[in-house]
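A short write-up of the structure that comes next.
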Amino acid sequence: MTNRISGTTSLIGLLGNPVKHSKSPLIQNTALEALGLNHVYMAFEVEDGKLKESLEALKVLGAVGGNITMPFKTKIIEYLDDISSEARIIGSINTIKIHENGRITGYNTDGIGFVKSLEENKVEFKGKKIVIAGAGGAAKAIATQLAFDGVGEVVIFNRTLEKAKKIIDVINKSVSSCKATAKVMDETDLVEEIKDAAVLVNCTSIGMKATIGQAIISSSAQLPKDVFVADIIYDPEQTKLLKIAEEAGCRYMNGLMMLIWQGAIAFNVWTDKDMPVDLIKSKCF
Ligand code: ATR
């Protein structure tokens, strides 16, 4: 990789904290190298209170853009010049483009990345009902984007009901074709709502390393075979929820393609080029 960096190479920066675990530098640099593009992607761990200076630094150093991750996805909004319409409604930013005139535009590619991976799996979701577990940043982007893209009904379950309510209020206000409902996390109720749903999405952290072996539902008998099950977790590759989905005979996907697609859409924002997603999947994972 060193050979491709020259005096004219420009920067794309990830701002967040923590960032050392991030897969984005590997994904983006592999794609930049494959396409012979003269940018380098670097991750920067930004201290609390230093976001504005970090963004200014990217601008001053001629960076073409960047990614924004936890805990700055909302805070960044006040420092941007323009925001895409989806990102404004979602209320969080994960991608920025720094234009030649210095103006900075913010985007959110998380929800679009998820929708892309559903489409890749040929999942029919237009006019259908989707059940989402969780109401964090990822759930918000996914639920809102699905509503924009034609889902008929969204039901969001969350341990903290207030957070789910905030998301559904935004959807019900902004997308008249989608009916959104918030419910407190409860397995019996969740199972009832899944019965006539097309897709179940886990956006909680249940099933990640700290809670490996746990899932939002406890047995395959509770999953109708025709529900597509999506978990946004990609490590472990197959969560307990996805094992249950497999046992139930459901089609399912983990969060890997969402991760790659959100990066691919950001890559396109910076470079106007399509990321070679199959190459990334084979080389980076
Ligand atoms: P992200 O930004 O990746 O979506 P997050 O904002 O930390 O992550 O959201 C994590 C989600 O997992 C939240 O919906 C959280 O529920 P709360 O809003 O009630 O905190 C959910 N979650 C995490 N651990 C959970 C648990 N043990 N039981 C139920 N929900 C859990």
Side-chain angles (χ1 to χ4, degrees), residues 14-24 48 51 67-77 86-87 89-95 106-115 117 130-147 154-171 180-191 193-194 199-218 222 229-236 239-242 244 253-263 266:
L14 167 66
L15 305 181
N17 196 345
V19 293
K20 291 192 170 78
H21 66 287
S22 173
K23 292 266 189 206
S24 294
D48 239 8
L51 177 63
N67 281 132
I68 308 297
T69 188
M70 283 194 325
F72 303 124
K73 285 181 161 186
T74 305
K75 179 77 185 157
I76 191 85
I77 291 175
E86 293 95 340
I89 293 170
I90 293 167
S92 96
I93 303 290
N94 76 333
T95 300
Y107 304 84
N108 189 310
T109 69
D110 288 330
I112 310 173
F114 179 80
V115 171
S117 47
I130 312 279
V131 174
I132 296 176
K140 189 175 181 185
I142 288 172
T144 314
Q145 192 66 47
L146 282 169
V154 172
V155 183
I156 303 177
F157 283 88
N158 200 44
R159 180 176 60 180
T160 315
L161 182 61
E162 269 320 297
K163 281 165 73 182
K165 275 190 175 158
K166 278 198 183 138
I167 303 177
I168 66 135
D169 283 349
V170 171
I171 294 174
T181 316
K183 295 196 155 190
V184 75
M185 185 67 95
D186 171 80
E187 190 172 346
T188 312
D189 202 6
L190 182 72
V191 167
E193 290 289 352
I194 301 170
V199 183
L200 167 66
V201 193
N202 176 44
C203 295
T204 74
S205 49
I206 301 171
M208 287 173 85
K209 288 212 167 115
T211 48
I212 214 158
Q214 294 179 31
I216 50 169
I217 54 166
S218 49
Q222 294 164 316
V229 181
D231 202 323
I232 66 162
I233 298 169
Y234 57 89
D235 185 16
T239 56
K240 174 77 176 172
L241 175 67
L242 297 186
I244 290 173
M253 68 175 184
N254 68 12
L256 182 60
M257 286 318 290
M258 174 188 170
L259 174 77
I260 296 177
W261 274 114
Q262 64 76 28

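Order of listing sets the numbers, starting from 1, for every ligand and every atom in it.
Checked by atom type, the side-chain pair Asn94/Asp110 shows a donor-acceptor distance below 3.5 Å.
Applying the side chain to side chain donor-acceptor pair (under 3.5 Å) definition to pairs two or more places apart or across chains, those involving residues 200-218 are Glu187-Ser218, Asn202-Thr204, Asn202-Asp231, Lys209-Asp235.
Annotation: ligand 1 has protein neighbours Gly134, Ala135, Gly136, Gly137, Ala138, Asn158, Arg159, Thr160, Lys163, Cys203, Thr204, Ser205, Ile206, each with a heavy atom less than 4.0 angstrom from the ligand.
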Met185/Ile216 under side-chain contact (heavy atoms from CB on, under 4.5 Å): CA gap, chis, key distance, verdict: CA-CA 9 Å; Met185 185 67 95; Ile216 50 169; 4.1 Å; yes

The test is side-chain contact (heavy atoms from CB on, under 4.5 Å); show your working for Leu190 and Ile217 and say whether it passes. CA-CA 8 Å; Leu190 182 72; Ile217 54 166; 3.6 Å; yes

Test log, rule side-chain contact (heavy atoms from CB on, under 4.5 Å), inputs Val184 and Arg159: CA-CA 6 Å; Val184 75; Arg159 180 176 60 180; over 6 Å; no

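Note that the CD1 atom of Ile233 and the CD1 atom of Ile206 stand 8.5 Å from one another [nearest 0.5 Å].
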